[in-house]
Amino acid sequence: MPADAPAAPADRDPHVLRRTEGRAGLLTLDRPRAINALTHPMVRALDAALADWADDPAVATVVLRGAGERGLCAGGDIRAIHDDARAGGTATAAFWRDEYRLNARIARYPKPYVALMDGIVMGGGVGVSAHGSVRVVTERSRIAMPETGIGFVPDVGGTWLLGRAPGELGTHLALTGAQIGAADALLTGLADHHVPAAALDALTADLTRLPVEEALARHTTAPAPGVLAERRAWIDACYAAPTVEEIVDRLLDSGVPAAKETADTLLTRSPTALKATLAVLRAVRAVDSLEAALDLEYRASCAALTGHDLVEGIRAQVVDKDRNPRWSPATLAEVTDADVARHLAPAPGGDLGLAGA
């Protein structure tokens with residue numbers, strides 16, 4: 001960049017494209033090679049756009065999309081989190097503070113916020129979409145909160161969303177990190193409408209000139225069947241157990257092949273993350289707002305940042321890609337009550353405090 005070139009505004013980022021067209025404000029996450037994974041500047045840019053448009057009478061609807069064919073957003077930039085955690089830095093905690101505030105803004109947004117949840121939508125991608133007032137999935141949608149596989153706890157309000165899914169479906173998704181498609185996203189309350197992927201451009205065009213309900217009516221279709229409805233009986237029975245160990249035992253003893261496969265999956269996840277996730281999920285069921293849930297998640301996230309398994313999980317899945325994490329403690333039995341309680345204790349650098357605000 002030439003020395004005399006104007007600096008980009010502090011609330012803008014080249015990976016977040018924002019423009020207005022007709023009656024809509026259009027936001028596009030534009031890091032397609034990284035499946036639009038969120039960086040801290042992207043979070044700030046999204047928040048700034050929403051703040052600008054909240055009181056703008058020319059913007060009636062906000063639409064969020066992802067660039068490329070692979071997905072809306074694969075989550076946060078976990079390689080950066082890995083590097084910061086290894087260095088004992090503070091950048092990740094600062095990122096989460098702004099990210100979680102953005103999630104809360106989206107949930108309280110005064111105008112229709114339409115998230116096009118096409119392709120991969122995971123972790124932080126769920127945070128910028130599933131709290132919106134209008135969540136659209138397609139036949140290509142693959143939605144997940146896969147945190148326990150990297151030694152982490154579902155965040156970005158994920159425990160709030162999953163804790164309110166029917167029965168114990170949310171507990172199953174939170175602990176396993178399983179990916180779901182359109183029908184199951186609708187069933188669990190993570191989405192509202194199904195639109196074929198080929199119709200998203202036309203839907204977006206209609207949203208620039210029509211009220212949301214009228215635009216959706218032109219394109220909404222029924223999704224292909226999912227799998228969770230037929231598995232609901234054993235999921236509810238097994239995940240109602242009070243501990244992760246008993247959940248695993250019930251899954252193994254159920255006599256259902258899919259349940260046994262699920263138990264095998266759980267035993268590959270971080271034991272500490274599994275127990276912490278169950279504790280946070282059940283604590284969140286007792287709170288009355290997304291903000292209070294985000295406060296609890298922030299505590300759990302900061303605890304994970306200073307533990308062993310988050311760095312090790314990202315190393316195994318993303319950095320070295322050997323898919324062989326060495327968890328510590330290595331088994332569920334070795335995870336103590338104190339290990340779990342640490343995830344619910346006040347964050348060392350200060351709590352998020354969204355509920356109080």
Side-chain angles (χ1 to χ4, degrees), residues 1-21 24-56 58-59 61-85 87 89-111 113-132 155-157 200 204 207-208 294 298 301 305 314 318 352 354:
M1 177 183 294
D4 57 351
D11 61 355
R12 298 295 179 104
D13 183 81
H15 299 303
V16 174
L17 310 181
R18 61 180 272 187
R19 64 186 177 91
T20 57
E21 181 178 340
L26 305 177
L27 292 169
T28 302
L29 306 180
D30 192 27
R31 288 185 74 202
R33 293 182 62 183
I35 320 180
N36 303 314
L38 296 171
T39 64
H40 199 167
M42 290 172 70
V43 165
R44 288 194 292 256
L46 288 169
D47 192 70
L50 294 180
D52 289 345
W53 290 340
D55 298 318
D56 186 343
V59 176
T61 302
V62 173
V63 183
L64 178 73
R65 299 189 66 167
E69 297 296 317
R70 298 168 68 190
L72 172 66
C73 176
D77 188 342
I78 59 174
R79 185 181 287 268
I81 293 173
H82 169 273
D83 294 345
D84 184 54
T90 60
T92 298
F95 166 65
W96 285 331
R97 294 181 80 90
D98 285 344
E99 183 183 26
Y100 298 175
R101 290 187 177 106
L102 171 63
N103 301 147
R105 183 192 290 278
I106 290 168
R108 306 295 182 195
Y109 205 61
K111 299 177 179 181
Y113 178 98
V114 183
L116 304 185
M117 301 170 70
D118 186 36
I120 292 172
V121 185
M122 297 185 183
V126 173
V128 296
S129 60
H131 296 300
D155 66 335
V156 298
L200 290 180
T204 302
L207 288 167
T208 67
L294 289 164
Y298 183 74
S301 297
L305 191 64
I314 298 174
V318 177
L352 186 60
L354 271 177

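Residue numbers count from 1 along this sequence. For clarity, every value in this text was computed on a predicted model and none was experimentally measured.
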For residues [X] and [Y], report the shortest heavy-atom separation together with the two atoms involved.
X	Y	result
D52	R18	OD2-NH2, 2.9 Å
A37	C73	CA-SG, 4.3 Å
A34	A74	O-CB, 4.2 Å
H82	I314	CB-CG2, 3.6 Å
S301	D155	OG-CB, 3.8 Å

**Asked** Is there side-chain contact between W53 and T20, with at least one heavy-atom pair below 4.5 Å?
**Response**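 SC-SC contact between W53 and T20 confirmed.
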
**4.5 Å side-chain heavy-atom contact, L352 and R97** =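 Answer yes - side chains close enough.
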
**Candidate pair D77 and L38, rule side chain to side chain contact (heavy atoms under 4.5 Å, CB included), full reasoning** = CA-CA 6 Å; D77 188 342; L38 296 171; over 6 Å; no

**Asked** Any chance the side chains of D84 and T92 put a donor and an acceptor closer than 3.5 Å?
**Response**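 D84 vs T92: donor-acceptor pair found between side chains.
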
**Prompt:** Checking side chain to side chain contact (heavy atoms under 4.5 Å, CB included) for the pair R19/E21: CA distance, chi angles, key distance, verdict?
**Reply:** CA-CA 7 Å; R19 64 186 177 91; E21 181 178 340; 2.7 Å; yes

**Message:** Which residue is it: D118, T28, T204? I am looking for the one with a side-chain hydrogen bond (donor to acceptor under 3.5 Å, both in side chains) to R65.
**Reply:**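 Of the listed residues D118, T28, T204, the side-chain hydrogen bond (donor to acceptor under 3.5 Å, both in side chains) partner of R65 is T204.
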
Do side-chain atoms of [X] reach the backbone of [Y] as a donor and acceptor pair under 3.5 angstrom?
X	Y	answer
R70	G119	no
N36	R31	yes
D11	A48	no
H131	V156	yes

**Message:** Evaluate L72 against S129 for side chain to side chain contact (heavy atoms under 4.5 Å, CB included), listing each step before the verdict.
**Reply:** CA-CA 9 Å; L72 172 66; S129 60; 3.7 Å; yes

**Item:** Geometric cation-pi criterion, R101 with W96: 6.0 Å, 45°
**Value:**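 No, R101 does not sit over the ring of W96.
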
**Message:** Please enumerate all residues that pass side chain to side chain contact (heavy atoms under 4.5 Å, CB included) together with H40, with sequence neighbours excluded.
**Reply:**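 Result, side chain to side chain contact (heavy atoms under 4.5 Å, CB included) vs H40: R44, A94, F95, D98.
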
**Request:** Could you list the residues that satisfy side chain to side chain contact (heavy atoms under 4.5 Å, CB included) with L50, not counting sequence neighbours?
**Result:**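 Checked L50 against side chain to side chain contact (heavy atoms under 4.5 Å, CB included); matches are L27, V62, L102, R105, I106, Y109, Y113.
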
**Asked** Does the pair L64 and L26 meet the rule for a side chain to side chain contact (heavy atoms under 4.5 Å, CB included), with working shown?
**Response** CA-CA 6 Å; L64 178 73; L26 305 177; over 6 Å; no

**Item:** Distance (rounded to the nearest 0.5 Å) between L17 CG and L29 CG
**Value:**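 Rounded to the nearest 0.5 Å, the CG-CG separation comes to 8.5 Å.
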
**Prompt:** Taking only residues two or more places apart in sequence, or in another chain, which ones meet D30 in a side chain to side chain donor-acceptor pair (under 3.5 Å)?
**Reply:**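 None.
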
